[in-house]
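Start at 1 with the first residue, then count along the sequence.
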Amino acid sequence: MALTEYWKKRRFGVTAEPSGKEKPAPKKRAKALGYVIQKHRASQLHYDFRLEWKGVLLSWAVPKGPSLDPSVKRMAMPTEDHPIEYAKFEGIIPEGEYGGGTVMIWDNGTWTPESPDVDAALKKGDLKFTLQGKKLRGSWVLVRTRPRGGDGRPSWLLIKHRDEFAGTRDIAEDEPRSVISKRILVEIARDEGGDLEKAATGDPPALLRKLAKNPKLLTPPKRGGRKAVWKSNRA
Ligand code: MN
């Protein structure tokens, strides 16, 4: 686990994403492990599922987002480790940069491994864990599948275990807002100088129609957003 790939893909003079190069303050005592899901309207909408482990955020991109239904398996493509501070990032990645688009902190909290040896579980491709998030709770598993198709890249599945937090309601549709700012994607794009039209395609259409009919329901614009970040790197 290292951030080499993360650094290679990004230009920190251009994107507002954290570089992960500041030394984190030494931990006073063993702390719970962080968990975050970032809803990300990049070239495709996806949900970045991240678990803190050994000083980085292990990361998977889940195109359809998590499902509370244990019979639904959600594809989760492994992506590069991210720095711990990334869990606090909500805003805009400039277009033309890696992952250009709008990022929302869709859920956060802590996680507890159920697999006794996390490194062995990751290697085996079968990690069981409990989430203590604001939206997602209870027991889950990430399981690696055989590589499909030509590129030989293994993919994983994110699956809810059967427990009192399982259910059939569509949580991605039901709870589309940021857990830190309560904004939907289009409101984040509005406040931070992003592409509103593109961001809106990641928000539930029914909610957008409701907001269009009654703009008073929009979250009030955030003051002091990072408007200056919005700049194309192409001449
Ligand atoms: Mn992403």
Side-chain angles (χ1 to χ4, degrees), residues 1-42 46-62 65-66 76-113 118-119 122 127 129 131-136 142 158 177-183 185 187-189 191-194 199 202 222-231 233:
M1 277 162 271
L3 296 173
T4 318
E5 194 184 340
Y6 177 85
W7 290 328
K8 239 190 269 169
K9 288 178 166 166
R10 291 170 178 79
R11 302 190 298 153
F12 296 104
V14 181
T15 181
E17 297 165 284
S19 73
K21 285 179 177 163
E22 297 90 53
K23 280 229 165 67
K27 285 189 180 177
K28 292 191 182 72
R29 60 191 156 83
K31 232 183 72 187
L33 295 164
Y35 139 77
V36 66
I37 293 181
Q38 281 152 321
K39 186 174 180 179
H40 185 186
R41 179 61 180 89
H46 59 275
Y47 293 73
D48 288 300
F49 184 90
R50 311 192 198 277
L51 299 174
E52 176 184 359
W53 185 244
K54 293 193 166 168
V56 295
L57 296 173
L58 306 178
S59 298
W60 289 262
V62 184
M77 304 304 294
T79 58
E80 74 274 18
D81 296 342
H82 278 52
I84 297 290
E85 311 92 280
Y86 206 91
K88 301 231 163 74
F89 180 74
E90 178 171 279
I92 302 300
I93 302 170
E95 294 299 327
E97 296 303 307
Y98 181 72
T102 303
V103 178
M104 170 204 290
I105 300 177
W106 184 79
D107 193 23
N108 65 9
T110 59
W111 74 286
T112 311
V118 172
D119 292 309
L122 288 165
L127 178 66
F129 52 91
L131 294 178
Q132 297 91 29
K134 299 186 177 93
K135 292 178 184 171
L136 302 191
L142 270 164
L158 175 67
R177 291 182 180 277
S178 162
V179 290
I180 60 156
S181 68
K182 305 297 170 209
R183 294 177 295 179
L185 286 167
E187 291 167 333
I188 295 170
D191 292 349
E192 323 271 348
K222 188 178 105 176
R223 284 165 182 270
R226 304 187 55 116
K227 296 225 163 50
V229 169
W230 175 249
K231 198 185 279 174
N233 63 319

Peer 1: Once rounded to the nearest 0.5 Å, what's the spacing between atom OG1 of Thr102 and atom CD1 of Ile188?
Peer 2: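 The distance works out to 7.0 Å.
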Peer 1: Is any side-chain heavy atom of Ile37 closer than 4.5 Å to one of Asp48?
Peer 2: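 The answer is no, as the side chains (C-beta and beyond) never meet within the 4.5 Å cut-off.
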Peer 1: One pair to check against side chain to side chain contact (heavy atoms under 4.5 Å, CB included): Val56 and Trp53. What are the steps and the verdict?
Peer 2: CA-CA 6 Å; Val56 295; Trp53 185 244; 5.7 Å; no
Peer 1: Tell me whether Lys9 is salt-bridged to Glu17, with the criterion being a basic N under 4.0 Å from an acidic carboxylate O.
Peer 2: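 Salt bridge: no.
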Peer 1: Taking C-beta and beyond as the side chain, do Glu90 and Glu192 meet within less than 4.5 Å on heavy atoms?
Peer 2: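 No, side chains not in contact.
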Peer 1: Write down the atom of Ala189, the atom of Ala199, and the distance for their closest heavy-atom approach.
Peer 2: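 In this case the closest contact between Ala189 and Ala199 is CB-CB, 3.6 Å.
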Peer 1: Using a 4.5 Å cut-off on heavy atoms from C-beta on, say whether the side chain of Ile92 contacts that of Asp191.
Peer 2: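 The answer is no; the side chains never approach within 4.5 Å.
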Peer 1: Nearest 0.5 Å please: distance from the NZ atom of Lys39 over to the NE2 atom of His46.
Peer 2: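 Going from the NZ atom of Lys39 to the NE2 atom of His46 covers 11.5 Å.
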Peer 1: Taking the side chain as every heavy atom from C-beta outward, state whether Ile93 and His40 have any atom pair closer than 4.5 Å.
Peer 2: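 Ile93 vs His40: side chains touch.
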Peer 1: How long is the straight-line distance from CE of Met104 back to CZ of Arg41, given to the nearest 0.5 Å?
Peer 2: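 Separation between the atoms: 13.0 Å.
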Peer 1: Locate the shortest heavy-atom distance separating Ala61 from Thr79; write the atom from each residue and the value.
Peer 2: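 Smallest heavy-atom distance, with atoms named: CB-CG2, 4.0 Å.
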Peer 1: Which pair of non-hydrogen atoms, one from Ala32 and one from Thr110, has the smallest distance, and what is that distance?
Peer 2: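 It is CB-CG2, 3.7 Å.
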Peer 1: Tell me whether Asp107 contacts the main-chain N or O of Lys135 through its side chain, where contact means a donor paired with an acceptor under 3.5 Å.
Peer 2: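 At least one qualifying donor-acceptor pair exists.
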Peer 1: Mind checking the CE-CZ spacing from Met77 to Phe49? Nearest 0.5 Å is all I need.
Peer 2: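 Result: 16.0 Å between the selected atoms.
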Peer 1: As an exercise, state the distance from NZ of Lys54 to CG of Leu33, rounded to the nearest 0.5 Å.
Peer 2: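 Going from the NZ atom of Lys54 to the CG atom of Leu33 covers 11.5 Å.
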Peer 1: I want to check something: taking the side chain as every heavy atom from C-beta on, are Tyr86 and Tyr6 in contact at a cut-off of under 4.5 Å?
Peer 2: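 Sidechains of Tyr6 and Tyr86: in contact.
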Peer 1: Salt-bridged, Glu52 to Lys31, with N to O below 4.0 Å?
Peer 2: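 A salt bridge is absent here (no side-chain N lies under 4.0 Å from a carboxylate O).
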Peer 1: Answer yes or no: does atom NZ of Lys21 have more than 12 heavy-atom neighbours from other residues, nucleotides or ligands under 6.0 Å?
Peer 2: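 For Lys21, atom NZ is crowded (more than 12 foreign heavy atoms under 6.0 Å).
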Peer 1: Please determine whether a side-chain nitrogen of the Lys or Arg among Lys182 and Glu187 lies less than 4.0 Å from a carboxylate oxygen of the Asp or Glu.
Peer 2: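 Result for this pair is no, no salt bridge flagged.
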Peer 1: Which pair of heavy atoms, one from Trp7 and one from Gly20, lies closest together, and at what distance?
Peer 2: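 Looking at all heavy atoms of both residues, the closest pair is CZ2-O, 4.2 Å.
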Peer 1: Is the shortest heavy-atom distance from the side chain of Leu127 to the side chain of Val118 under 4.5 Å?
Peer 2: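 Side-chain contact under 4.5 Å: yes.
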Peer 1: Please walk me through it: do Asp81 and Leu3 pass side chain to side chain contact (heavy atoms under 4.5 Å, CB included)?
Peer 2: CA-CA 6 Å; Asp81 296 342; Leu3 296 173; 4.2 Å; yes
Peer 1: Within the 4.5 Å heavy-atom criterion, are Trp106 and Leu185 side-chain neighbours or not?
Peer 2: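 A side-chain contact under 4.5 Å is absent here.
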Peer 1: Is there a side-chain contact between Pro66 and Leu158 (heavy atoms, below 4.5 Å)?
Peer 2: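 They are in side-chain contact.
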Peer 1: So, taking the atom named CZ in Arg10 and the one named CD in Glu80, what distance separates them when rounded to the nearest 0.5 Å?
Peer 2: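 So the CZ of Arg10 and the CD of Glu80 are separated by 4.5 Å.
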